[in-house]
Amino acid sequence: IHGFAVSDSGGAVYIGRMGSLSVTTATISDCFAAKCGGGIYSSDGNVTLGSESLINNCIAGGATVRAGGPIWDGGGGVFIASDASLTLNGGKITGCSTTAFGGGVFCYGNFDFVNGNITDCSAFGGGGILIADGSHTKMSGGSVTGCTATSGNGGGVSFTAGEMILKGAPVIDGNVKITSNGSEANNLYITDDLFITLGGALTQGARIGISVIPFEGGSLRISGKEKNTAFYASAAKYFSTDADGTVIRANADDKCLEIGY
């Protein structure tokens, strides 16, 4: 499928109220939308991308600021609105971009990342994925690699609001943000008032780089207080930090993961 959105959203596919889309072998390529969802836009439906699906080189225009304050456009590959859902269970979202947020996926709704790859995507912030207010994102497998935040944070994933649940063997690694000196590692970016939820044990093959706003001394929690102590206690080895001189460790007193010096 090749396309150009006549309206602002959904370069190839626009899913309206109670709609659904399941893609198993199709390719959506070289599509464009003026604001949101260069490949797919779902306002109130379910999108499933299977093992042979490919969303390639799709672009969303979008802006980061308009009169009155910041806005949230983007989703170079896929845009999922607040009442919609996306399941990525194989396939690839690759080479997609936006001048706003979420080069691969912009999620306001529910996102279940089971398997597959988001790679070589770019955006102002959230080069691979932007997790927005009210969203529920669960990643139990698959990878976000080679993605770039061109001005903001979250070269791989920008976790700015909503909920992010990790378990299994997800990979968020090898992503960067552009700086005045070139580029630097910036994988899963977490704002200082949010926590990852460990929804189960991390397993062999998981690899997650963490970025936070720089802080001086002490430590900073990055996961919620864990009821099942086995999850947080065994998870630290699967995380790394994107800043020199810091480490990820398990905090037995608070039953959580933290980043510290």
Side-chain angles (χ1 to χ4, degrees), residues 42-49 70 72 74-75 77-89 93 101-116 118 123 125-144 147 149 152-172 175 186-203 206-213 220-232 235-236 238-239 248 250-251 254-259:
S42 181
S43 67
D44 187 17
N46 303 314
V47 178
T48 301
L49 301 177
W72 298 95
V78 182
F79 187 101
I80 300 298
S82 58
D83 292 325
S85 66
L86 169 66
T87 299
L88 182 55
N89 192 12
I93 299 173
F101 302 99
V105 174
F106 187 122
C107 184
Y108 267 122
N110 295 310
F111 182 16
D112 191 3
F113 195 166
V114 180
N115 199 1
I118 297 175
I129 302 169
L130 189 286
I131 302 172
D133 189 32
S135 66
H136 300 276
T137 296
K138 179 171 67 177
M139 190 172 180
S140 56
S143 64
V144 181
C147 296
N153 285 296
V157 179
S158 182
F159 178 28
T160 61
E163 180 182 35
M164 186 172 196
I165 302 169
L166 296 177
K167 67 176 185 176
V171 173
I172 306 172
N175 306 285
N186 198 268
N187 288 291
L188 170 55
Y189 174 76
I190 308 173
T191 58
D192 59 3
D193 57 346
L194 291 176
F195 305 116
I196 299 165
T197 298
L198 296 174
L202 292 179
T203 58
R207 194 168 70 252
I208 304 149
I210 296 291
S211 293
V212 295
I213 295 173
L220 183 67
R221 274 179 56 189
I222 62 168
S223 75
K225 189 170 183 178
E226 186 60 65
K227 294 179 181 179
N228 186 329
T229 57
F231 294 165
Y232 90 88
Y238 297 110
F239 288 86
I248 302 289
N251 182 326
D254 290 338
K255 295 181 173 58
C256 69
L257 296 173
E258 64 182 18
I259 184 170

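Everything quoted here is computed from the prediction, not taken from an experiment. We count residues from 1, following the sequence as given.
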Chemist: Can you give me the closest heavy-atom contact between A236 and A250, atom names plus distance?
Modeler: CB-N, 4.1 Å

Chemist: Please list all pairs meeting side-chain hydrogen bond (donor to acceptor under 3.5 Å, both in side chains) that have one or both residues in residues 187-203, counting only residues at least two apart or in different chains.
Modeler: N175-N187, N187-D242, T191-D193

Chemist: Stepwise, does the side chain to side chain contact (heavy atoms under 4.5 Å, CB included) test hold for I172 with M139?
Modeler: CA-CA 10 Å; I172 306 172; M139 190 172 180; 3.9 Å; yes

Chemist: Between F239 and I196, is any pair of side-chain heavy atoms under 4.5 Å apart?
Modeler: yes

Chemist: Quick check: closest heavy atoms across G168 and A206, and the distance to 0.1 Å?
Modeler: O-CB, 3.8 Å

Chemist: Between atom SG of C107 and atom CG of D133, what is the distance when rounded to the nearest 0.5 Å?
Modeler: 11.5 Å

Chemist: Tell me, please, which residues at least two apart from Y232 pass ring pair (Phe, Tyr, Trp, His ring centres under 6.0 Å).
Modeler: none

Chemist: State the CD1-CD1 distance between I129 and I131, to the nearest 0.5 angstrom.
Modeler: 6.0 Å

Chemist: Grab the two heavy atoms, one from A81 and one from S43, that are nearest each other, plus how far apart they are.
Modeler: CB-O, 3.6 Å

Chemist: When you measure from the side chain of S143 to the backbone of V171, do you find a donor-acceptor pair of N or O atoms at a distance under 3.5 Å?
Modeler: no

Chemist: Quick one: do I93 and L49 satisfy side chain to side chain contact (heavy atoms under 4.5 Å, CB included)? Show the steps, please.
Modeler: CA-CA 10 Å; I93 299 173; L49 301 177; 4.2 Å; yes

Chemist: Write out all pairs satisfying side-chain hydrogen bond (donor to acceptor under 3.5 Å, both in side chains) with one or both partners inside residues 152-171, taking only residues at least two apart or from two chains.
Modeler: H136-E163, N153-K177

Chemist: Using 0.5 Å steps for rounding, measure from the CG atom of L257 to the CD1 atom of I222.
Modeler: 5.0 Å

Chemist: Please report the closest heavy-atom contact between G103 and A123, naming both atoms and the distance.
Modeler: N-CB, 3.4 Å

Chemist: Mind listing the closest non-hydrogen atom pair of R221 and K225 along with its distance?
Modeler: NH2-N, 3.2 Å

Chemist: Report the distance from atom CZ of F113 to atom CG of N89, rounding to the nearest 0.5 Å.
Modeler: 10.0 Å

Chemist: Mind checking whether C147 and V157 have side chains closer than 4.5 Å, heavy atoms only?
Modeler: no

Chemist: Atom OG1 of T87 and atom NZ of K138: how far apart are they, to the nearest 0.5 Å?
Modeler: 9.0 Å

Chemist: Under a 4.5 Å cut-off applied to non-hydrogen side-chain atoms, are F111 and V78 in contact?
Modeler: no

Chemist: Heavy atoms only: give me the nearest A84-D44 pair and the separation to one decimal.
Modeler: CB-N, 4.0 Å

Chemist: Evaluate the criterion side chain to side chain contact (heavy atoms under 4.5 Å, CB included) for residue pair I118 and L88; output intermediate values, then yes/no.
Modeler: CA-CA 10 Å; I118 297 175; L88 182 55; 4.1 Å; yes

Chemist: Would you say N186's side chain and G155's backbone share a donor-acceptor pair under 3.5 angstrom?
Modeler: yes

Chemist: Do M164 and L188 have side chains that approach each other closer than 4.5 Å (heavy atoms only, starting at C-beta)?
Modeler: yes

Chemist: Between F79 and F106, does the ring centroid distance fall short of 6.0 Å?
Modeler: yes

Chemist: With rounding to the nearest 0.5 angstrom, report the CG to CG distance, L86 to N46.
Modeler: 10.0 Å

